[in-house]
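The chains referred to below are lettered A, B, ... by the order of the sequence lines, with proteins before strands, and numbering in each begins at 1. Because only heavy atoms are used, hydrogens play no part in the values below, and waters and symmetry mates are left out as well, while side chains stay in.
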Amino acid sequence: MTTDLKKSLLLHGAVLAVLFASQFVLPAYHHGNLARVMILASYAMGYNLLFGYTGLLSLGHALFFAAGLYGMGLAMSQFDVGAGPALVCGVIAGTLVGAVIGMLALRTEGVAFMIVTLMFAQAGYLTILYFGTYTRGDEGFVIAQPDRVLLGLDLSDPTVRFFAAFTVFCIALIMCLAVVKSRFGKVLIAIRENEDRTQMLGYDVTRYKFSAVVLSASLSALAGAAYGILFGYVGASFASVQYSIFPLLWVLLGGAGTVLGPLIGTLFMFYLIDLSSGITTAYMLIAGVVLVLLTVFAPQGILGELRRRVWKWLP
Amino acid sequence: MDFGPYLMLATLEGAVTAAVLALTASGLALVFGVMRVVNVAHGEFFMLGAVLAWWVTQMLGGSAVMGFVIALCVVPVLVGCLAALTDMVILKRISYDPERTIVATIGILYIFQQVTLMTYGPDARPVAPPFNTRIALPWIDFVDGRLSLYWPWGLSITSYKLAVIASAGVILLALWLVMTRSKLGLMMRATEQDRDMALAFGIPVEKVYAFVFGLGAALAALAAVLIVPIQQAHYLMGGDPLLLSFIVVIIGGLGSLPGAVLAALLIGLSDGIISVFFSPTLAKILATLLVAFVLVFRPHGLFGVRRG
Amino acid sequence: MSALTAQGLSKHFNGLVAVEDVTFEVPPGQVRALIGPNGAGKTTLVGMLSGRIVPSSGRVTFDGDDVTNWPAHKRIASGIGYTFQITSIFPNLSVWENVALAARRALSTPASVSQVVATSLSRVGLVDRQAEDAGDLSYGHQRLLEIAMGLAQAPKLLILDEPTQGLAEGEVTAFIELIAELSGETTVLLIEHNMDVVMQVSDFVTVLEAGRVLFEGSPDEVKASAEVQSAYLGGDDAAA
C-alpha cells in the first residue's frame, strides 16, 4: 500500500510541476488557455467528486458554478465588496445552493435524480435571465480591472492570473486526493459500488450523499467564482445546460472516479472545441460526437482504461 | 373585446398548442413506456420535422398544398427511420442502460442540432400553410333583453388552425387504435409489461424497440410539420417542446398515453391563460420547478425507475 | 434482558399477509435458527428486524432499546451485523477493502482496521485472496466474504440470511465450525434451509409458517414435532 502512495504522490507532484513550469515555455495564447483549463478542471474535479466517486449523475452542475460566479459578481457589482470577500461570497452561495438542491434532489434516485438536477439548474438559469436588471441577463457584466486586485496582486495580469489559477487547481487536487484517501471518500466509493450494502454496514448513506453534493457544489462554486474574477466576466451562458454537460463530458473523457481524469478530459476537450470553433460555429457538434462515442465505446474514459489495464494503484 | 369572446379565442389558440403538444408528448411517453428510457433528444426530432418540412416544400416548389401534403407524408417517415437507426447504432449497444441512455441522447441532441446549424443555418424560415382562410366566429349575447348572435371584431381563427386540431385528434385516435387493437400494439404492450417474457414468447424485442423509438420520433416530427406553417423552422426550436413534453409526461403519469394526452390538453389550454398573467420567462421557471418538485415528492409514483 | 425481541410484528403488502403477529425473544449469546418453508415470511421478518422493511404493526427491541422507528443504518451501527440472502458485496473493490469498509465504521485508526480485517479474513479462510477483486471470487467465497464483513463489525447480533446456500460441502463444515466458535460471544440469528446445519449449530429454533410462528423449541424438539414435519412435508423443502 505504501509504495502505491509513493507512486501516487510522485505522479501528482510531477503533474503539478509540469503545469507550473509550462508557463515559462508556453506562448501567450496557450498560457491564457492553460489558466482557463486549470479553473475549468477544478470545476470538473468538483463534479467528479459526485459523479465519479459517489456515483450520482447530476445534469445541473452549472447551477453551482453559476452560484459561485454570480455570488462573487453580484457581491462586487451590487454591494461593492472587495475581491477576497467576494470570492468567499461566491463559495458560500454555491454551498448554500448545494445544500438546498441536495436536500431536495437526493429524495430521488437514478434517472429521476438526473432530470431533477437538470430542471433545477434550468430554473436557476431562467431566474438569472428574469432578474436581468441586476444580472444583465445573457449579455452579462464585466468586472473592471480595479476590482480584480487580491492581496495587492492584479489578477488581470497574465502571470498573476496563471499563478492564481494554478493555486485554485492545487486546492482542488489536494482536496480530491485527501477525500479519496480518507474514510469519508472510501464510503462514497462504497455507495457508488453498492448503496444498499453500504447502508447495511451501518453507514448513514443519505448523510454521506448529502455531504458529497455540498462538497461538490462548493468546489464547483469556487471554480465559478475564480473564473469570473480571473477573466473579468459574469454571464448567464455559464448557467446554461451546456455548462452542466461540459463537466460530465470532461470527466467521462478523462475517466470518472480518477483524480487526474478531469484535468486530462478538460485539457483535451478545451483544445478540441477551441480548434473546431475556428472552423465552424457548430462546435458543439464535437461535444455531441465525443459524448456518444464515450458512452458506447469507452465508458471508463482515458485514465479509467489506463487504470484497468496498467496502473491499478491510480487514485 | 369582452371577456367571453376573449376566453373563447384563448381556448381555441390553446387547443392548437395542446394538439401539437399531445402529439409530441405521446411520442415521448410511448418511448418511455415501452423502452423505459428517457429520450433527451426528443425535441430535436421535432426540430428535424420542421426543418425537413421546409426543405421538402422548398425542393418541390409548386403549389403550397401539394408540397405540404407530401411533407406531411414523407417527413415523419424520414425522421422515424433516422431515429430507428440511432436506436440500433447507439442505444442498442449500451443495452438501454437508463443513465447511459440519457448521456447518449444528450450527445445525439447536440449532433442533430449542430448538423442542422451547419447545413440549414441559423435562420428561422416559414412554410406556407396549404390553406389559410380566416373564419370569423360568432358570439351569443343579450341585446335588449333577448339572445342574439353577433360577430365580435377580432374573434376569428384560421381554417388551418382548426385543421391542426382536427388532424391531431385523428392521429391520436389512430395511435390509440394501433396500441389497443392491432397485433403490433399487442407486441409493444407485451414488451412494456415484461421484456424477458416477451422475448420468451418470440416477440422480436430488439425490432420492437427500434420501431417504438422511430414511432416516438415520427410523432414529434408529425407535430412539427403541422405547426411549422404557424411557427417557423429554426435549429434551436427543439428546447421548448422537450421541456413541455417532459412536463406532460411526468404529470400525466409516465408512459401512459391517455394520461399524456389529458395532461397536454390541460397544459396547452392553460398556456394561453398563464401567459396573460406571467412573463414567459417566469412561466418557464414555474414549469421547470413544477417538473422538479413532482419528481422530488412523488419519486416512485411517477418515475418508477430503479437504479441499474 | 433479551438481545432481540419482536412483539406482534406484522407486515401486509397490498392486503397480502407476509408476516402476521410474530412474537419471539432471543437471549444474549444464543444461536437461534429461523426456519420454515419457502414463502413463510422469513426474509420479510428479518427485513423488519434489520430495518430494511417498515412493519405494518408491532415493535422491535434490540439490546434494551426500542428500535422500531430506527433507520436500518442506525440499527446496524448499534450492533446488528447483517448478511444478505442474495450475496451483496462490492464486486469492484478488493476483498480487503470490502472487509475494511465493514470494520472502519466503528474503528478510528488504520492499524486497528488492518488488524480486524486480518482476523476476520483468517476466520473465514480468505486471507490469501485479500488483494483480489471481490467480484472475481467464486460464489462460495463471496458468501464467506460476506460473513467476514459481518464478523468485522464485531456485532452483538449477527443476522445470517441463508449463509450456506450455494456453499460446497467442505465450506459448509467450515461454516459450522465458525458459528460454533461465535456462540457464546455473539448472538446469532440464522435463517437456514439446510436442516443439518440447523441441527448442528443452533441452540433454539423458531419455525415460521404462512407468516406465523408455528413452533419453538430445541433442535431435537423440532425434529420430533409432527406439526413441523407436516409443514415441511407440505412444502417442497423436506429434503433440504
Side-chain angles (χ1 to χ4, degrees), chain A residues 1-5 7-8 51-55 106-107 109 178-212 255-258 299-301 303-315, chain C residues 46-47 49-52 70-94 96-111 113-114 117 130-135 142 145-146 148-156 159 161:
Chain A
M1 301 277 162
T2 44
T3 51
D4 285 356
L5 190 67
K7 277 190 222 166
S8 154
F51 170 54
Y53 288 104
T54 322
L106 285 176
R107 295 171 61 103
E109 298 191 311
V179 166
V180 172
K181 289 274 168 243
S182 73
R183 174 178 177 277
F184 172 70
K186 285 178 175 153
V187 176
L188 295 188
I189 294 174
I191 291 173
R192 177 190 75 197
E193 293 297 325
N194 188 342
E195 187 173 332
D196 213 15
R197 209 343 148 193
T198 312
Q199 189 190 14
M200 292 314 276
L201 288 177
Y203 294 102
D204 186 346
V205 169
T206 315
R207 198 170 56 90
Y208 278 93
K209 288 201 287 188
F210 177 74
S211 309
T258 63
Q300 307 273 334
L303 283 190
E305 290 294 326
L306 208 60
R307 170 159 65 188
R308 201 163 62 86
R309 287 161 206 255
V310 204
W311 293 342
K312 271 216 94 174
W313 51 271
L314 207 65
Chain C
V46 167
L49 296 176
S50 64
R52 288 167 59 75
W70 289 17
H73 65 83
K74 197 176 168 192
R75 297 189 199 192
I76 305 289
S78 73
I80 299 179
Y82 179 87
T83 69
F84 286 75
Q85 182 182 6
I86 296 158
T87 312
S88 180
I89 52 169
F90 304 102
N92 297 320
L93 303 180
S94 72
W96 190 91
E97 180 63 17
N98 267 267
V99 184
L101 277 164
R104 218 179 268 130
R105 195 198 70 244
L107 301 172
S108 48
T109 64
V113 171
S114 298
V117 174
Q130 63 178 10
E132 286 176 37
D133 277 357
Q142 290 187 5
L145 171 60
E146 205 172 351
M149 289 160 79
L151 295 176
Q153 299 174 70
K156 294 176 201 149
I159 299 178
D161 199 347

Just to be sure I understand the criterion: a residue of residues 78-87 of chain C counts if one of its heavy atoms is under 4.5 Å from a heavy atom of chain A. Which ones qualify?
C/Y82, C/T83, C/F84
Please look at C/L93 and chain A and tell me whether the side chain, the backbone, both or neither of the residue comes under 4.5 angstrom of a heavy atom of that chain.
side chain
If only atom types and distance count, is the side chain of A/N194 paired as donor or acceptor with the main-chain N or O of C/I89 below 3.5 Å?
yes
Pairs satisfying side chain to side chain donor-acceptor pair (under 3.5 Å), at least one member in residues 197-207 of chain A, at least two apart:
A/R197-C/E146, A/D204-C/H73
Can any side-chain N or O of A/R183 pair as donor or acceptor with the backbone N or O of C/R105 at less than 3.5 Å?
yes
What distance separates C/L101 CG from A/I189 CD1, expressed to the nearest 0.5 Å?
9.0 Å
Evaluate the side-chain proximity of A/D196 to C/R52: yes if any heavy-atom separation is below 4.5 Å, no if none is.
yes
